[in-house]
Amino acid sequence: MVQLINAVTPIADARAILADTYDLTFTKAVEKETAPIFNQVKSKIAEVEWPFFAPLILQINRLKKEKDAVILAHNYQTPQIYHGIADVVGDSLQLAIEATKVSQSTIVQCGVHFMAETSKLLNPEKTVLIPDSRAGCSLASSITAEDVLAMRAQYPSAPVVTYVNTSAAVKALTDVCCTSSNALDIVNGVEGDTVIMIPDQYLAQNTAKKTKKKIITWAGACEVHETFTAADIAELRAAYPNAKIIAHPECPPDVIDAVDYAGSTAGMINWVKTEKPPKVVMVTECSMSDNVASETTGVEFLRGCNICPHMKRINLENVLWSLHTGTEEVTVPEEIIAPARASVERMIEMSRKGD
Ligand code: 13P
Ligand code: SF4
């Protein structure tokens, strides 16, 4: 059996295993070759940490070419992944669309399991790897295929719009998927006055405020965003009176009502880059503002974030190990691939029409 390096492997042990095959010393040559990347992230990664990251970044970037692999990374990945090794970065919708375009034979997903499954659905012939398959999501684990069948039985004429933060088995029982960037367009675009929108109760409630349709939802929530409260936003406003505050629509509606802008992770990034507020608080996962701060000048990023423990299961050590060993491979049962893929493709199709 292939030895596993994952987020619970102590970093020293992981490095010792990797050092059998890969030179992880921080030489002058490594320092020089990685200098452009360090320049980009130096406001967010301490100089003392770079000797640990730089050799891994170089080895990953070499190995991904050798193995004909592409790295897709979500906006919540750490700066060393986002700026150091990713070929494509984005929100869930962008990653799903990009996954349909890649030419490489292997996809390494730096993100959570449902994202890797989506890549597999759209590329069943390719090898899709996730460096730690336990990178889950509280929304994806909140609902099962049986739950969807029960809802369908209760509301037989209502179409089912399912957030991509779900398992492939749930997507397979869905009419069309959505992400936080296209939720309103998808709900408005499906037939009927009543829509089942699962599993995020807050995304559903936030969407319900903008549509005439009746929305029936599920009791799921994102463990990172559900903890933000309107009182937190009031505190942030008092602490940073001149800052703009923006949030992800997985936050409860009273939080969304209190902020200056709400949108998907890509929506928030675009908003900051377009509006260029002198100060901003991104009420979402912490790595996001680090990643945007590393590529945006003239904006001060203030803290008001939570960490997603699932996203943080992915690190440079387990990405290198994943490429080295071809583990952990993401598979989807044959009978689920076609219907789940159809729900994702319908979403991509409907999003294009809305462009
Ligand atoms: P985005 O689609 O906005 O990237 O959101 C994904 C996610 O998991 C947010 O918590
Ligand atoms: Fe899931 Fe929330 Fe983590 Fe996004 S931030 S992956 S919704 S738990």
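As the structure lists them, so they are numbered: ligands from 1, and atoms in each ligand from 1.
Residue contact check for ligand 1: Q94 places no non-hydrogen atom closer than 4.0 Å to it. The shell of residues lying under 4.0 angstrom from ligand 2, judged by heavy atoms, excludes E285.
Within the listing of ligand 2, atoms 7 (S) sit less than 4.0 angstrom from a heavy atom of N165. The distance from ligand 2 to the heavy atoms of S138 drops below 4.0 Å at these ligand atoms: 8 (S). In summary, the atoms of ligand 2 found under 4.0 Å from a heavy atom of Y76, numbered by their order in the structure, are 5 (S). Listed by number with element, the atoms of ligand 1 under 4.0 angstrom from any heavy atom of S180 are 1 (P), 2 (O), 3 (O). Taking every heavy atom of V224 and a limit of under 4.0 angstrom, the matching atoms of ligand 2 come to 5 (S). Taking every non-hydrogen atom of L139 and a distance limit under 4.0 Å, the qualifying atoms of ligand 2 come out as 7 (S). Applying the 4.0 Å criterion to heavy atoms of N165 picks out, from ligand 1, the atoms 7 (C), 8 (O). Taking every non-hydrogen atom of S264 and a distance limit under 4.0 Å, the qualifying atoms of ligand 1 come out as 3 (O). Close approach of ligand 1 to H225 (heavy-atom distance below 4.0 Å) involves ligand atoms 10 (O).
The shortest N or O to N or O distance between D91 and ligand 1 is not below 3.5 Å.
The protein atom (non-hydrogen) at minimum distance from atom 3 (Fe) of ligand 2 is C308 SG, 2.4 Å. Scanning the protein for heavy atoms near atom 2 (Fe) of ligand 2, the closest one is C222 SG, 2.3 Å. Residue, atom and distance of the protein heavy atom nearest to atom 9 (C) of ligand 1 are E250 OE2, 3.2 Å. Of the protein's non-hydrogen atoms, H248 NE2, 3.3 Å is the one closest to atom 5 (O) of ligand 1.
Between S138, A183, G267, S92, it is S92 that holds the heavy atom closest to atom 6 (C) of ligand 1.
Following chains of ILVMFWY side-chain contacts shorter than 4.5 Å, one cannot reach I246 starting from I256, and the two form parts of different hydrophobic clusters.
What you find for E285 and H225 is that their closest heavy atoms are N-NE2, 4.2 Å.
Taking a 6.0 Å sphere around NZ of K276, one finds it holds more than 12 heavy atoms contributed by other residues, nucleotides or ligands. In K273, the NZ atom is crowded: over 12 heavy atoms of neighbouring residues, nucleotides or ligands sit closer than 6.0 Å.
Using a 4.5 Å heavy-atom cutoff, the side chains of F53 and F38 are not in contact. For the pair T162/V148, no side-chain contact is recorded, criterion being any heavy-atom separation below 4.5 Å from C-beta on. At a threshold of 4.5 Å between non-hydrogen side-chain atoms, the residues V160 and M151 do not count as touching.
When distances to atom 1 (Fe) of ligand 2 are checked against a cut-off of 2.8 Å, C137 contributes an N, O or S atom below that limit.
Distance check for C137 and C222: the SG atoms are not under the 2.5 Å cut-off.
Taking the six-membered ring for Trp and the full ring otherwise, the centers of Y22 and H324 sit less than 6.0 Å from each other.
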side-chain contact (heavy atoms from CB on, under 4.5 Å) assessment of M282 paired with F301: CA-CA 8 Å; M282 291 179 133; F301 292 80; 4.2 Å; yes
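At a heavy-atom cutoff of 4.0 Å, ligand 1 is contacted by no atom of E285, backbone or side chain.
When atom types are taken as modelled, the side chain of H83 and the backbone of N291 share a donor-acceptor pair closer than 3.5 angstrom.
A salt bridge is defined here as a Lys NZ or Arg NE, NH1 or NH2 lying under 4.0 Å from an Asp or Glu carboxylate O, and K244 with E275 fails to meet this definition.
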